[in-house]
Amino acid sequence: LGVPEKAAELIEGTKAAVTDAAAANPNLADYTFTYVYLGGEAGTLDSYPQGDGRVDLLTNLGLVPAPSWADYEPTEGSFTKTLGLENANQLSDSDILVTWFNDEAEMATATAQPLWQSIPAVQNDAVYAMMDESLGLATTVSTPLSVPWALESYIPILNETVAKAN
C-alpha cells in the first residue's frame, strides 16, 4: 500500500511481542511439543510441521519441537503428516501436545480412542485442546493484530500445560 516503513515497524513490533513473551516465560524452553489434529479420520492424527504458523509461534515462544517430529516429511498431497494411532508411541518424546477441535462432540469422540490415551503427554494431562476458534486462527495466521492479542491468552494456557508434563 505504499508504506513499507510502517509495514516493517509492524512486523518488528510483532516479533518483539513474541520475543518478549518468550523472555518472560523461559520455562517453556524446557519442554518438547508436537502440534496435532486428532479430529480427522478415526484412528489417525495429523502432525503439523515446522514452517506452519502455529508450530513456528510455539517454537518462537521457546518450546522445542519433539525430536521425532522435528524434520519429518508431510504425507504426500498434504502439509501435515498423518500417523496411525497404532504408532502413537512415536509421540512419547513430546512433553506436551497442542491440538484443536471444532466442537465438544468431536473432542469427546477423538480423545476417547484408547491409543490416544496411551500417549505419555495425554496420560499426564499435558495436552492443550484448543476449542476457541478465534484463538486458533490468531495463532495459525500470525498478524500484527492477532499475535499480541493471542499471547494474552496463549501464554497462561501454555504454562498450565507444561506444568502438567513430567
Hydrophobic cluster membership, Leu151 vs Val55, 4.5 Å side-chain cutoff: yes
Test item: Glu12 and Glu9 side chains (from C-beta on) under 4.5 Å apart, heavy atoms: no
Separation of Lys81 NZ from Leu45 CG (nearest 0.5 Å): 11.0 Å
Sub-4.5 Å side-chain heavy-atom contact between Val127 and Ile96: no
Validation row: Phe79, Asp52 side chains within 4.5 angstrom (heavy atoms): yes
Test side-chain hydrogen bond (donor to acceptor under 3.5 Å, both in side chains) applied to Thr32 - qualifying residues, sequence neighbours left out: Asp95
Identified ring-ring contact (aromatic ring centres under 6.0 Å, His included) partner of Trp100 from the options Tyr37, Tyr35, Tyr48: Tyr37
Atom pair CG/OG1 of Asp56 and Thr140 - distance to nearest 0.5 Å: 11.0 Å
4.5 Å side-chain heavy-atom contact, Val64 and Phe33: no
Student check: side-chain heavy atoms of Leu83 and Thr44 closer than 4.5 Å: no
Neighbour count >12 (heavy atoms, 6.0 Å) for atom NZ, Lys15: no
Whether over 12 other heavy atoms sit under 6.0 Å from Gln50 CD: yes
Any Val147 side-chain heavy atom under 4.5 Å of Trp149 side chain: no
Tyr154 side, atom OH; Leu58 side, atom CG - distance, nearest 0.5 Å: 4.0 Å
Closest heavy-atom pair and its distance - Glu86, Gly43: OE1-O, 4.3 Å
